[in-house]
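Heads up: the structure comes next, in structure tokens.
Everything quoted here is computed from the prediction, not taken from an experiment. All chains are named by letter (A, B, ...) in the order of the sequence lines, taking the proteins before the strands, and each is independently numbered beginning at 1.
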Amino acid sequence: MDIKSIDKIVSLCKRRGFIFQSSEVYGGLASTWDYGHLGVELKRKLKNEWWQNIVTSRDNVVGMDAAILMHPKVWEASGHVENFNDPLVDNKDTKKRYRLDHLLEGQKPEVVESLTNAIFKDNPPEFASEEDHIVILTQHLNDLGETGGSLLKDSGVRDPHSGAVGNWTNPRQFNLMFQTHIGPTQDSSSIAYLRPETAQGIFVNFANVQITSRQKLPFGIAQMGKSFRNEITTGNFLFRTREFEQMELEFFVHLEDTKKWLEYWSNERLEWFKSLGITPEKLRLRAHGGDELAHYSSACYDVEYQFPFGWSELEGIADRGTFDLDQHNAHADKKQSYFDPQQNKHIVPAVVESSAGVDRAFLTVLVDAYREEEVNGEKRVLLKLAPKLAPITCAVFPLMNKGEQVEKAELLVKEVRREFSGFIDTGGSIGKRYRRQDEAGTPYGITVDHQTMEDDTVTIRDRDTMEQERISIDSILDQLRSRISAT
RNA sequence: GCGGGUGUAGCUCAGUUGGUUGAGCAUCAGCCUUCCAAGCUGAGGGUCGCGAGUUCGAAUCUCGUCGCCCGCUCCA
């Protein structure tokens, strides 16, 4: 599948009612998308699959649902206020952009020294380490504002891409958290943030949930919901957006067991994606290198999918140690701890996190399902969605759009709807109606014909094979059940 | 944010040196009655992304702006 196929999927999504661009009538809002009538069904089914797999089917995981707005101190404790931003600089000559700290790390010692002298003149502070040195330089350069760029240039900071001294812009700070105000007036005391991850809602409720659910280590708390990040660069359709939905599991364990559980959940999560019918060869687990790890994490696996635009992350499974609970214990009045009966003392549990993007999973399912086939010299576009995920499970057609066949079809679609999502289509030739449903990803089509009127049988047609079988109308629900469970 | 590309009907695209925007598909109504999109008749749908400028006249030329795509960076 080539890179163009994302465009084809965007087009199909709009044409069939999966995804529309947000605020389209006002010219659109950058990288925000709305789910249409088919999209919302697919998304709900995807989320239900996750909840069923992570929460409902397990006795050691419970769910919760925290508010999007939280006390601002949550984000100070979590490190997001401090760390969730990156000063960036651009080289106007090469048009390349760098994170300032990464850029400085790669410079020669004399360049760093020259910068240090320029910033601190004659009394530089003590640097605990080389890393600390870079952090402090980055901070000061960022604070310099108007003169930062020329300072970089004068100190001879080179562009790793060209090897030449860069024509640098002033460093600019991007805070990735959306700020808002609580209360009718916008004074500074009312600043709040839209959460950049759902995880913190779980951490600050750890003790509440643990005590009320009477769970013992190891156990998990799961949540799904919207999160917001002011991404510098968005794109690839639904892949990177500023408003997105997460499915997160925080699994609390004894500190010495994190490695074991990290392996366990990494494999569980990879298998889950496979269970959605996604091509296994296009899924992989990739361990993070040391330099890729987030500030809170000591080990991490990504579940990745091979998109037309390359291997990209669907989900991160991370060992966060005791970082989060420690942070809240240091900042908050109320302590988050666990009484371990074996050791007869209070401990701070470590956590293994699995954090998946709903919209990314949605995009993956669509991209993976998209097919163009040649049938009798004609192109057939279909979505080979897993039947359990398809927005419409079964469409019903009267072969002729008249009289008793239509009445019968209306009765049958009602029957289908007792358990599955059904849709009746009376318009156009039967072939055209099958193809419409192929494009929507509907796995089964039931057709009422002349024979139905004589012996109460109908044909059921399979989307993928296009083969039909004649069945009794009494067995429709049984047929659908067994066909779905067989996939 | 910077660089490159792009924007005409729901979708895919035409549109000449500047002169009243077209096609195919889709949609809707009717006819036809047929198990894999192409039968017949008719209808609806566009301030050519938006705003200025040049011009007698702009989809077309210029500038600005917004959205989308690719790259740089970051992440779910």
Side-chain angles (χ1 to χ4, degrees), chain A residues 3-4 6-8 10-17 20-32 84-100 102-103 159 161 169-170 172 174 176 196-199 224 227 229-242 244-248 292 294 302-303 309 312-318 353-361 363 375-381 397-403 405 427-439 445 447-451 459 461 463 466-468 470:
Chain A
I3 195 95
K4 295 290 280 180
I6 284 283
D7 292 338
K8 287 182 179 176
V10 174
S11 168
L12 181 141
C13 279
K14 179 168 189 188
R15 199 165 68 236
R16 309 282 2 180
F20 306 116
Q21 188 180 13
S22 165
S23 316
E24 196 185 24
V25 296
Y26 288 104
L29 181 65
S31 91
T32 16
F84 213 58
N85 54 48
D86 301 304
L88 302 180
V89 289
D90 293 320
N91 181 354
K92 286 182 266 192
D93 292 340
T94 61
K95 312 297 181 199
K96 294 288 174 187
R97 164 174 289 184
Y98 299 96
R99 248 175 76 168
L100 183 54
H102 288 179
L103 182 66
D159 187 329
H161 184 76
T169 62
N170 295 319
R172 285 186 308 272
F174 293 88
L176 296 188
E197 62 175 22
T198 61
M224 34 188 173
S227 293
R229 295 181 191 173
N230 229 334
E231 294 289 343
I232 300 152
T233 307
T234 56
N236 283 328
F237 194 30
L238 299 174
F239 190 79
R240 189 180 295 107
T241 54
R242 296 196 169 95
F244 59 103
E245 191 159 8
Q246 293 184 301
M247 307 182 280
E248 294 198 298
E292 294 179 87
D302 282 347
V303 177
F309 48 82
S312 304
E313 178 185 355
L314 300 180
E315 167 160 353
I317 302 102
E353 170 185 275
S354 136
S355 174
V358 175
D359 315 87
R360 285 187 181 183
L363 181 62
V375 177
N376 301 330
E378 293 295 325
K379 191 168 87 170
R380 181 170 87 117
V381 174
F397 317 107
L399 187 59
M400 286 183 290
N401 185 17
K402 208 177 246 177
Q405 286 189 11
S429 73
I430 189 69
K432 180 173 281 192
R433 284 178 275 168
Y434 284 143
R435 298 303 171 82
R436 276 194 199 121
Q437 293 305 315
D438 288 342
E439 230 184 22
T447 302
V448 172
D449 58 13
H450 324 80
Q451 196 180 329
T459 60
R461 179 254 195 189
R463 175 197 64 202
M466 297 193 288
E467 278 167 14
Q468 290 172 273
R470 187 161 282 275

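Taking atom P in both U60(B) and G7(B), one finds a spacing of 12 Å when rounded to whole Å. Spacing of P atoms, G19(B) relative to A59(B), comes out at 9 Å, to the nearest Å. G49(B) and G67(B) are spaced 16 Å apart, taking the P atom of each and rounding to whole Å. On the P atoms, U41(B) is 15 Å away from A23(B), given to the nearest whole Å. Separation of the P atoms belonging to G15(B) and G39(B) is 27 Å when rounded to the nearest angstrom. Comparing C74(B) with G18(B), their C1' atoms sit 46 Å apart, to the nearest whole Å. Look at the C1' atom in both A26(B) and G10(B): the space between them is 7 Å, to the nearest Å. Here, C50(B) and A58(B) have their P atoms 15 Å apart, quoted to the whole Å.
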Restricting both atoms to N or O, compile the protein contacts to nucleotides 64-69 of chain B shorter than 3.5 Å, with distance only.
unit_1	atom_1	unit_2	atom_2	d
G67(B)	O4'	Gly27(A)	O	3.3
G67(B)	O3'	Gln21(A)	NE2	3.2
G67(B)	O2'	Gln21(A)	NE2	2.8
C68(B)	OP1	Ser31(A)	N	2.3
C69(B)	OP1	Phe237(A)	N	3.1

Check the interface with nucleotides 34-37 of chain B: list each N/O to N/O pair with the protein under 3.5 Å, or write none.
unit_1	atom_1	unit_2	atom_2	d
C35(B)	O2	Tyr434(A)	OH	2.8
C35(B)	O2	Gln468(A)	OE1	3.1
C35(B)	O2	Gln468(A)	NE2	2.4
C35(B)	N3	Thr459(A)	OG1	3.3
C35(B)	N3	Gln468(A)	NE2	2.9
C35(B)	N4	Asp449(A)	OD2	2.7
C35(B)	N4	Thr459(A)	OG1	3.3
C36(B)	O2'	Arg435(A)	NH2	2.9
C36(B)	O2	Arg461(A)	NH2	3.1
C36(B)	N3	Arg461(A)	NE	3.0
C36(B)	N3	Arg461(A)	NH2	3.3
C36(B)	N4	Arg461(A)	NE	3.3
C36(B)	N4	Met466(A)	O	2.6
A37(B)	OP2	Arg435(A)	NH2	3.1
A37(B)	O4'	Lys432(A)	N	3.4
A37(B)	N7	Arg435(A)	NH1	3.2

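Ser23(A) comes within 4.0 angstrom of no nucleic acid atom, judged by non-hydrogen atoms across all strands. Contacts of Leu314(A) with the nucleic acid, taken as non-hydrogen atoms under 4.0 Å apart, involve only primed sugar atoms and P, OP1 or OP2. Residue Phe239(A) is classed as a base contact, given a heavy-atom separation below 4.0 Å to a base.
Between Glu315(A) and Ser354(A) there is a side-chain heavy-atom pair separated by less than 4.5 Å. Side-chain contact between Leu12(A) and Glu439(A) is present, with heavy atoms from C-beta onward closer than 4.5 Å. Taking the side chain as every heavy atom from C-beta outward, Val303(A) and Arg360(A) never approach each other to under 4.5 Å. In this structure, the side chains of Arg229(A) and Glu197(A) come closer than 4.5 Å at one or more pairs of heavy atoms.
Here the closest heavy-atom approach between residue Gln246(A) and residue Ser227(A) is recorded as OE1-OG, 2.8 Å. Contact between Glu313(A) and Asp302(A) at its shortest, heavy atoms only, is OE2-OD1, 3.2 Å. Phe244(A) and Pro196(A) make their closest contact through CZ-O, 4.2 Å (heavy atoms, listed as atom of the first residue, atom of the second, distance). Of all heavy-atom pairs between Gln405(A) and His450(A), the closest is NE2-N, 3.5 Å.
Salt bridge Arg435(A)/Glu378(A): absent, no basic N to carboxylate O contact under 4.0 Å.
Taking a pair to require two hydrogen-bonding distances under 3.5 Å in either a Watson-Crick or a G-U wobble arrangement, U27(B) pairs with A43(B). Judged by Watson-Crick or G-U wobble contacts below 3.5 Å, the nucleotide U21(B) has no partner. With a cut-off of 3.5 Å on both Watson-Crick or G-U wobble distances, the partner of A38(B) is given as none. The pairing partner recorded for C61(B) is G53(B), the criterion being a Watson-Crick or G-U wobble arrangement whose two distances lie under 3.5 angstrom. Nucleotide G67(B) is matched to U6(B) when pairs are restricted to Watson-Crick or G-U wobble geometry with both distances under 3.5 angstrom. As the counterpart of C72(B), G1(B) is assigned, both hydrogen-bonding distances of the Watson-Crick or G-U wobble pattern falling under 3.5 Å.
Nearer to the 5' terminus of RNA chain B, by closest-nucleotide assignment, is the contact made by Lys14(A) (compared with the other of Lys14(A) and Leu238(A)). Between Gln246(A) and Ser11(A), the residue anchored nearer the 5' end of RNA chain B, judged by the nucleotide with its closest heavy atom, is Ser11(A).
To the nearest 0.5 Å, atom CG of residue Asn401(A) and atom CZ of residue Arg433(A) are 7.0 Å apart. Interatomic distance, Ser355(A) OG to Leu314(A) CG, rounded to the nearest 0.5 Å: 11.5 Å.
Spacing between atom CZ of Arg240(A) and atom P of A76(B) amounts to 10 Å, rounded to whole angstrom units. Rounded to an integer number of Å, the gap from CZ of Phe309(A) to C1' of C72(B) is 17 Å.
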